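What you are looking at is a predicted structure, and each value in this text was computed from that prediction instead of being measured. Numbers restart at 1 for each chain; the letters A, B, ... are given by sequence-line order, proteins then strands.
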Protein chains: 2
Amino acid sequence: MNRLAPALLQPRKAPRQARSAVTIDAIHTATIQVLLAEGVSRLTTTRVAVRAGVSVGTMYQYYPHKQALLFAIVERQLQSITAAMVTAAERLMGQDLATVAEGLALAWLDAKTADRVASLAIYSIAAEFDLGEVMGRTMRQMTEVIAALLAGATDARGIDPEVAAFMLAAMLGGSVRVVMETGSSDDDLARLRRELPRACQAYLAAVN
Amino acid sequence: MNRLAPALLQPRKAPRQARSAVTIDAIHTATIQVLLAEGVSRLTTTRVAVRAGVSVGTMYQYYPHKQALLFAIVERQLQSITAAMVTAAERLMGQDLATVAEGLALAWLDAKTADRVASLAIYSIAAEFDLGEVMGRTMRQMTEVIAALLAGATDARGIDPEVAAFMLAAMLGGSVRVVMETGSSDDDLARLRRELPRACQAYLAAVN
DNA sequence: ACCTGAACACCGTTCAAGT
DNA sequence: ACCTGAACACCGTTCAAGT
């Protein structure tokens, strides 16, 4: 559970010449390709280097270690999901709680299932390295967005936006993850798509 | 993502003499100790062997590979949680939906937080190896137990026990996992303990 | 300023040899 | 019937040497 200072997980240096920007991008792409083609267990620094067309040494000039490589990918994926949720939030601002709940649930499901392979890859990386921190940060961001949405809902009365947003984020994030990870059939996902909005709506109605 | 046939994950042979039963137990205990003391990344076959007081070769006589070691631990943990839920289910049989929902949520939280370190260790192992299958099986068992409970509830009317149980299992399993994994404070857990039962109750009420 | 790749320490797994 | 531990293939990481 060795927790690394965030600084250590960033790329080691910024590209100063054009060719190194190319190199850094090639490494990034190669990592994803190897991950999807061979799985985590076969994701090797050498394999990534070969695929990227550089030597291992070069890779270590940009990423201090393997974790940093994976960290970069996870972060990009999480950011794209966050962005999707922010977009959804803008659309949902000033609606009533039922609409907000449904909108959030569907947006979350869409974002997660859009690139299901990538999402699964993320999950499979998440535990091997210490990604709790990054995921925690993402979840806190999400909670803030949701809280603002709840506070601004037309029919918000007795609801505590902080508390309700926390619970909603846990429900969304957790249920989708569990279903996706446990060898879910398409049926299961369809089921989740029907039931998750209802669950969110029911919870919000109950605490309002 | 190499999926192994379940048979390969079982201990390689049953102990035929007393000393090998002792050996197998020593290995199992040593694995947990190393896991808790040093973390997944430092969980090494050699380290486990040393701690267990046997040679690496001996370990491989009982567990065909490292995954099998971890698999044994995960399975034991999951079984103990399943057992706790079955006990709770017996107590809740024939109650109304609100009582069932609250009882399930609290039982799940208790089971998971009782040995929080072990649970976290499980999660950290879960993705590194292919434990989706085991976890999926556990979740399906849980869903069955919950479905029976819902079908037998005094005030069950329009509810579809299968569907509602699926959603409930996803909510319980997911939310607790997400909160525990993302560097949760004790405050967060307390919050979850208050909100999760309400969310489950609200959902059941809405679909009944 | 950037890249190379042999070299090092360590890990999972095996198997001939022991009791 | 069970155990040992040197040996093997492979992995992450480094660093002297090159352009």
Point to revise | Nucleotide forming a Watson-Crick or wobble pair with dG18(C), both distances under 3.5 Å | key: dC2(D)
Exercise for review: Using atom CG of L43(A) as one end and atom C1' of dC10(D) as the other, report the distance to the nearest whole Å.
Suggested key: 15 Å
Review point. Could you give the OH-to-C1' distance, from Y63(A) to dG12(D), as a whole number of Å?
Key: 17 Å
Practice item. Please round to the nearest 0.5 Å and tell me the distance separating atom OG1 of T99(B) and atom CG of L104(B). Key: 10.5 Å
**Study point:** Distance in angstrom units between R42(B) CZ and dC11(D) C1', rounded
**Key:** 17 Å
Review point. Nearest to the side chain of Q61(B), which nucleotide is it out of dC3(D), dT4(C), dG12(C)?
Key: dC3(D)
Point to revise | Watson-Crick/G-U partner (both atom distances under 3.5 Å) of dC11(C) | key: none
Check your understanding: What distance separates M142(B) CE from M85(B) CE, expressed to the nearest 0.5 Å?
Key -> 3.5 Å
Review point. For T58(B), which contact category applies under a 4.0 Å heavy-atom criterion: base, sugar-phosphate, or nothing?
Key: base
Review point. How would you label the contact of T45(B) with the nucleic acid (heavy atoms, under 4.0 Å): base, sugar-phosphate, or nothing?
Key: base
Check your understanding: Would you say a side-chain N or O of T23(B) is under 4.0 Å from OP1 or OP2 of dC3(D)?
Key -> yes
Review point. Atom CD1 in I81(A), atom CG in D110(A): separation rounded to 0.5 Å?
Key: 11.5 Å
Practice item. Using a heavy-atom cut-off of under 4.0 Å over every strand shown, decide if V56(B) touches base, sugar-phosphate, or nothing. Key: base
Point to revise | Interatomic distance where CG belongs to L69(A) and P belongs to dG12(D) [whole Å] | key: 10 Å
Review point. Under 3.5 Å, side chain of R193(A) to main-chain N/O of L109(A), donor-acceptor pair present?
Key: no
Practice item. Whole angstrom is fine here: how far is it from NZ in K66(B) over to P in dA9(D)? Key: 21 Å
Practice item. Would you mind classifying the nucleic acid contact of R47(A) as base, sugar-phosphate or nothing, using non-hydrogen atoms under 4.0 angstrom? Key: sugar-phosphate
Check your understanding: Between Q141(A) and V145(A), is any pair of side-chain heavy atoms under 4.5 Å apart?
Key -> no
Practice item. Give the nucleotide from the list dC3(C), dC3(D), dG12(C) with an atom nearest to the side chain of T44(B). Key: dG12(C)
Study note, to complete from the structure: In whole angstroms, the gap separating P of dG5(C) from OH of Y60(A) amounts to 16 Å
Check your understanding: Just how far, in rounded Å, is P of dG5(C) from CE of M59(A)?
Key -> 15 Å
